[in-house]
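Because the structure is predicted, anything quoted here is derived from the model rather than measured.
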Amino acid sequence: MKNTSKLFISTEDAKKKLEYYCSYQERCHSEVINKLDNLGISPHHRDEIVVHLIQENYLNEERFACSFARGKHRMSFWGKNRILSELKFRGISSYNIKKAMQELPDELYLSTFERISVSKWESTTDSNLMSKKKKVMDFLFRKGYESELIYQQIQDLSSN
């Protein structure tokens with residue numbers, strides 16, 4: 001049976017907990033609100049804590065969005081489409097999403113795309129060319145790259 005009881009702590013303790021939570025890693029508003037809900041904080045106190053975190057610069061959505069975009073591209077090799085959809089899912093504003101997308105310079109983005117597509121092409125050991133193309137395309141779509149880039153790259157890789 002799942003334990004659904006919530007922790008009840010003071011507002012000051014919750015502030016300290018959330019300061020640590022936000023200083024450990026960049027967080028978005030929705031993550032902080034979920035954490036406060038899990039701690040059993042009332043909506044009135046929750047708003048007070050969120051305002052405190054913003055004023056003390058523990059919580060900054062623009063900084064979160066930029067860091068998220070850079071990190072997911074450099075570490076997980078995500079494309080712009082996937083980053084965009086994840087930021088929207090987290091409730092980030094369109095202004096902050098636009099700022100985050102500017103964190104991905106075209107040279108870096110295209111070189112990463114080239115590197116992972118060539119690597120996936122070479123590591124796919126399918127004897128049927130159509131099946132190999134499909135596997136590589138599906139992989140690149142899941143990573144969130146644009147279809148025009150993918151189609152052009154698949155043409156280039158299959159002609160070599």
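For the pair S30 and R90, the tightest heavy-atom approach, listed with the atom from each and the gap, is OG-O, 3.3 Å. The two residues A65 and L87 have their closest heavy-atom pair at CA-CD2, 4.1 Å. Nearest heavy-atom pair across L149 and F113 is O-CZ, 3.6 Å.
Proximity of Y151 to L140: side-chain heavy atoms (C-beta onward) are nowhere separated by under 4.5 Å. Counting heavy atoms from C-beta on, the side chains of K134 and S131 never come closer than 4.5 Å. In this structure, L104 and L108 have side chains that are not in contact, with every pair of non-hydrogen atoms separated by 4.5 Å or more. For the pair F64 and N96, the minimum side-chain heavy-atom distance is 4.5 Å or more.
Of the charged side-chain nitrogens involved, none lies within less than 4.0 Å of a carboxylate oxygen, so that D13 and K17 do not count as a salt-bridged pair.
For E12, the salt bridge (charged side-chain N to carboxylate O under 4.0 Å, His left out) partners at least two apart in sequence or on another chain are K15.
One N or O on the side chain of R27 and one on the backbone of Y21 form a donor-acceptor pair closer than 3.5 Å. Using a distance-only test at 3.5 Å, with no hydrogens or angles considered, no donor-acceptor pair links the side chain of S119 to the main chain of R115.
With values rounded to the nearest 0.5 angstrom, L36 atom CG is found 12.0 Å from E31 atom CD. Put simply, NZ on K143 and CD1 on I83 are 10.5 Å apart, with the number rounded to the nearest 0.5 Å. Here the NZ-CG distance, from K135 to N128, works out to 9.0 Å after rounding to the nearest 0.5 Å. One distance of note links OG1 of T124 with NZ of K132; it measures 6.5 Å at 0.5 Å rounding. How far NZ of K133 is from CD1 of I150: 14.0 Å, rounded to the nearest 0.5 Å. Atom-to-atom distance recorded for S117:OG and Q153:CD is 3.5 Å, nearest 0.5 angstrom.
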**OP:** Could you walk me through whether I97 and L84 pass the side chain to side chain contact (heavy atoms under 4.5 Å, CB included) test, one step at a time?
**Re:** CA-CA 7 Å; I97 290 174; L84 181 78; 3.1 Å; yes
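Taking the six-membered ring for Trp and the full ring otherwise, the centers of Y109 and Y145 sit less than 6.0 Å from each other.
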Contacts table for residues 49-59: side-chain donor-acceptor under 3.5 angstrom, sequence neighbours left out:
{"from": "H52", "atom 1": "NE2", "to": "E19", "atom 2": "OE2", "distance (Å)": "2.6"}
{"from": "N57", "atom 1": "OD1", "to": "R63", "atom 2": "NH1", "distance (Å)": "3.3"}

Listed pairs under 3.5 Å, donor-acceptor, residues 66-81 side chains, sequence neighbours left out:
{"from": "R70", "atom 1": "NH1", "to": "E103", "atom 2": "OE1", "distance (Å)": "2.6"}
{"from": "H73", "atom 1": "ND1", "to": "W78", "atom 2": "O", "distance (Å)": "2.9"}
{"from": "H73", "atom 1": "NE2", "to": "T112", "atom 2": "OG1", "distance (Å)": "3.3"}

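Taking hydrophobic clusters as Ile, Leu, Val, Met, Phe, Trp and Tyr residues chained together by side-chain heavy-atom distances below 4.5 Å, L129 shares a cluster with L157. Hydrophobic clustering of Ile, Leu, Val, Met, Phe, Trp and Tyr side chains at less than 4.5 Å, counting indirect connections, keeps M137 apart from M130.
Between S42 and the choices H44, R46, H45, the side-chain hydrogen bond (donor to acceptor under 3.5 Å, both in side chains) rule is met once, by H45.
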